[in-house]
Amino acid sequence: MRIDIISVAPDLLQSPFNHSIIKRAQEKGLAEIVVHDLRKYGLGNYKQIDDTQFGGGAGMVLMIEPISNCIKKLQEERNYDEVIYMTPDAKTLNQGTANTLSLKENILILTGHYKGVDQRIRDKYITKEISIGDYVLTGGELAAAVLVDAVVRLIPGVIGDEQSALTDSFQDNLLSPPVYTRPAEFEGMKVPDVLLSGNFPKIDDWRSDQAYKRTEEIRPDLLDNE
Ligand code: 6GU
């Protein structure tokens with residue numbers, strides 16, 4: 001999968017993609033992540049990329065020309081399955097969206113800043129808008145890093161133990177059950193007996209039961225959405 005990201009703060013995106021699983025995905029050739037500095041497409045000597053909004057109001061808006069020029073150039077080089085705009089005023093990311101995106105060939109991600117981008121960019125180029133939750137970040141870069149991490153780890157071959165991505169929290173709309181490792185007892189706190197029983201059908205049942213109970217207690221909304 002090829003992922004292009006357009007950003008006004010490309011530095012913010014260096015470190016998240018240069019660690020562990022996401023780094024290995026790139027080294028294995030399973031994911032190619034390229035960050036483009038919007039400033040390079042800025043207008044005039046000052047490389048202007050933002051301006052005040054029509055109608056008045058606080059905050060700068062990313063201008064249409066630099067983004068349009070950047071997207072057009074990238075679209076000349078390849079066809080994108082999705083052109084995604086990261087913005088808090090969108091549907092929130094969930095595992096289903098990550099699963100769907102992990103099957104795409106090429107995706108382009110635009111990250112906003114300030115008051116956002118000129119609406120005409122959204123109308124003309126954007127095929128999908130994604131928020132990562134109901135709170136406001138200073139820019140879309142960290143949100144894009146979250147999206148890319150959630151998607152890339154799902155690409156077949158990225159996670160060695162195939163089973164592990166499938167049994168994550170949310171993969172079946174349930175939170176994960178509790179997990180334990182050695183020692184079996186620590187300062188009087190014991191690991192549940194069933195996990196030491198060697199009875200695997202019973203262990204599976206216990207885990208399903210715990211996943212359901214946790215979800216019911218912490219995220220009952222997930223059970224409503226079935
Ligand atoms: Cl995608 N961008 C910004 N700036 N803030 C957010 C967000 C995105 N998702 C949640 N908060």
Side-chain angles (χ1 to χ4, degrees), residues 1-19 22 31 33-42 48-55 57-68 70-71 74-75 80-104 106-155 168-170 173 175 218-219 221-222 225:
M1 168 187 274
R2 161 97 180 200
I3 302 173
D4 290 274
I5 306 174
I6 303 172
S7 164
V8 300
D11 294 352
L12 264 178
L13 288 165
Q14 289 314 315
S15 158
F17 304 141
N18 277 308
H19 286 280
I22 307 305
I33 305 169
V34 184
V35 182
H36 306 271
D37 185 357
L38 183 63
R39 183 69 64 177
K40 292 206 180 114
Y41 297 82
Q48 185 185 3
I49 53 172
D50 60 350
D51 206 343
T52 54
Q53 48 178 320
F54 280 127
M60 303 294 275
V61 175
L62 289 175
M63 301 162 76
I64 193 165
E65 294 103 319
I67 296 175
S68 176
C70 182
I71 293 179
L74 294 174
Q75 282 182 331
Y80 290 97
D81 301 299
E82 296 282 5
V83 182
I84 300 168
Y85 176 47
M86 302 306 301
T87 179
D89 54 347
K91 289 220 171 97
T92 32
L93 177 62
N94 59 27
Q95 194 62 42
T97 306
N99 288 344
T100 305
L101 290 175
S102 74
L103 302 172
K104 306 289 184 193
N106 301 313
I107 63 178
L108 175 56
I109 302 174
L110 172 64
T111 63
H113 248 251
Y114 320 110
K115 276 282 160 194
V117 302
D118 189 300
Q119 179 61 36
R120 291 167 291 184
I121 285 289
R122 298 168 74 163
D123 297 341
K124 177 155 188 201
Y125 294 105
I126 302 300
T127 61
K128 195 172 190 62
E129 300 190 330
I130 297 177
S131 161
I132 62 161
D134 295 336
Y135 42 82
V136 178
L137 304 170
T138 53
E141 283 75 15
L142 296 179
V146 166
L147 174 66
V148 168
D149 190 291
V151 169
V152 168
R153 63 187 291 286
L154 294 170
I155 298 172
D168 287 335
S169 267
F170 295 110
N173 248 1
L175 304 187
I218 305 169
R219 292 292 308 277
D221 54 301
L222 292 176
N225 291 342

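Quick caveat: nothing in here was measured; it's all calculated off a predicted structure. First listed ligand is number 1; within each ligand, the first listed atom is number 1.
- Scanning the protein for heavy atoms near atom 11 (N) of ligand 1, the closest one is Y135 O, 2.6 Å.
- Residue G133 holds the heavy atom nearest to atom 10 (C) of ligand 1 of all those in G116, G112, A90, G133.
- A donor-acceptor pair shorter than 3.5 Å cannot be found between the side chains of N18 and S15.
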Using atom types as modelled, flag every donor-acceptor pair under 3.5 Å from a side chain in residues 130-140 to any protein atom, sequence neighbours excluded.
residue : atom : partner : partner atom : Å
S131    : OG   : G133    : N            : 3.1
S131    : OG   : G133    : O            : 3.1
Y135    : OH   : I132    : O            : 2.9

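- Atom 1 (Cl) of ligand 1 has as its closest protein heavy atom T87 N, 3.1 Å.
- Of all the heavy atoms in A31 and I155, the pair that sits closest is CB-CD1, 4.3 Å.
- In terms of protein heavy-atom proximity, atom 5 (N) of ligand 1 is closest to L137 N, 3.0 Å.
- Ligand 1 lies less than 4.0 angstrom from a heavy atom belonging to I130.
- Looking at D134 against ligand 1, nothing comes within 4.0 Å, counting heavy atoms.
- Of all atoms in ligand 1, listed by their number and element, those nearer than 4.0 Å to a heavy atom of A143 are 1 (Cl), 8 (C).
- Contact atoms of ligand 1 toward I132: 9 (N), 10 (C) (distance under 4.0 Å to a heavy atom of the residue).
- When non-hydrogen atoms are compared, ligand 1 lies under 4.0 Å from the backbone of P88 as well as from its side chain.
- In terms of heavy-atom proximity, H36 sits nearest to L74 at CE1-CD2, 3.4 Å.
- Residues E129 and T87 bring no donor and acceptor atom of their side chains to less than 3.5 Å of each other.
- Not one N or O on the side chain of D118 forms a donor-acceptor pair closer than 3.5 Å with the backbone of M63.
- Without hydrogens or angle criteria, T127 side chain to V83 main chain gives a donor-acceptor distance under 3.5 Å.
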